[in-house]
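So the structure is just underneath, and the comments pick up after that.
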Amino acid sequence: MNIFKLLFELFLFYMLYKLVFQFIIPLYRASKRMKDQVGEMQEKMRQDQQNQAFNKGNVTDASPKNGNAKTPSSNDYIDFEEVK
């Protein structure tokens with residue numbers, strides 16, 4: 001009977017080993033990699049927004065300040081009909 005107990009314990013250790021090294025550790029690595037990629041994308045988006053705000057600020061600074069702003073023409077708008 002001791003041989004069966006030993007085989008059972010070895011089988012449990014083997015299954016635990018497989019669980020840890022083939023499921024838990026790869027899952028941890030993938031989630032860490034994903035978290036890093038999301039952080040990089042958020043940082044890139046933040047930088048893009050800052051660059052757009054900076055560039056937009058430069059464009060508005062270059063506009064004439066004498067109050068002759070361009071008024072929107074009728075071609076700037078799209079007509080639509082409500083569908084029921």
Side-chain angles (χ1 to χ4, degrees):
M1 287 292 178
N2 285 337
I3 190 93
F4 292 118
K5 184 178 178 181
L6 178 65
L7 287 174
F8 182 71
E9 289 176 356
L10 287 174
F11 178 73
L12 285 178
F13 284 127
Y14 174 72
M15 294 306 284
L16 181 65
Y17 172 82
K18 285 186 67 96
L19 176 72
V20 169
F21 287 102
Q22 291 185 356
F23 182 72
I24 294 176
I25 291 176
L27 184 66
Y28 171 76
R29 288 179 182 166
S31 64
K32 182 173 168 58
R33 190 178 321 128
M34 185 66 71
K35 182 179 176 183
D36 292 343
Q37 288 176 349
V38 168
E40 289 173 6
M41 286 176 30
Q42 286 177 342
E43 181 65 24
K44 186 177 185 301
M45 292 295 287
R46 187 185 62 77
Q47 289 176 352
D48 288 346
Q49 287 177 347
Q50 285 180 344
N51 289 340
Q52 286 177 352
F54 179 73
N55 291 338
K56 190 174 185 179
N58 287 345
V59 171
T60 56
D61 290 344
S63 65
K65 299 196 187 257
N66 57 7
N68 293 338
K70 178 184 172 190
T71 57
S73 66
S74 62
N75 293 337
D76 291 340
Y77 300 100
I78 299 173
D79 291 333
F80 68 95
E81 293 183 22
E82 188 173 327
V83 177
K84 293 184 181 183

Point-to-point distance, once rounded to the nearest 0.5 Å, from [atom1] of [X] to [atom2] of [Y]:
X: Gln37; Y: Lys44; atom1: CD; atom2: NZ; result: 14.0 Å
X: Tyr28; Y: Phe23; atom1: OH; atom2: CZ; result: 15.5 Å
X: Ile25; Y: Leu19; atom1: CD1; atom2: CG; result: 10.0 Å
X: Glu43; Y: Asp48; atom1: CD; atom2: CG; result: 10.0 Å
X: Phe21; Y: Leu16; atom1: CZ; atom2: CG; result: 9.0 Å
X: Ile24; Y: Lys18; atom1: CD1; atom2: NZ; result: 13.5 Å

Quiz prompt | hydrophobic_cluster_shared for Met1 and Leu7, side chain cutoff 4.5 Å | solution = yes

Quiz item: Between Val20 and Tyr17, is there a shared hydrophobic cluster once you connect ILVMFWY residues whose side-chain heavy atoms come closer than 4.5 Å?
Solution: yes

Quiz item: Taking only residues two or more places apart in sequence, or in another chain, which ones meet Phe11 in a ring pair (Phe, Tyr, Trp, His ring centres under 6.0 Å)?
Solution: none

Quiz item: More than 12 foreign heavy atoms under 6.0 Å from CZ of Arg29: is that the case here?
Solution: no

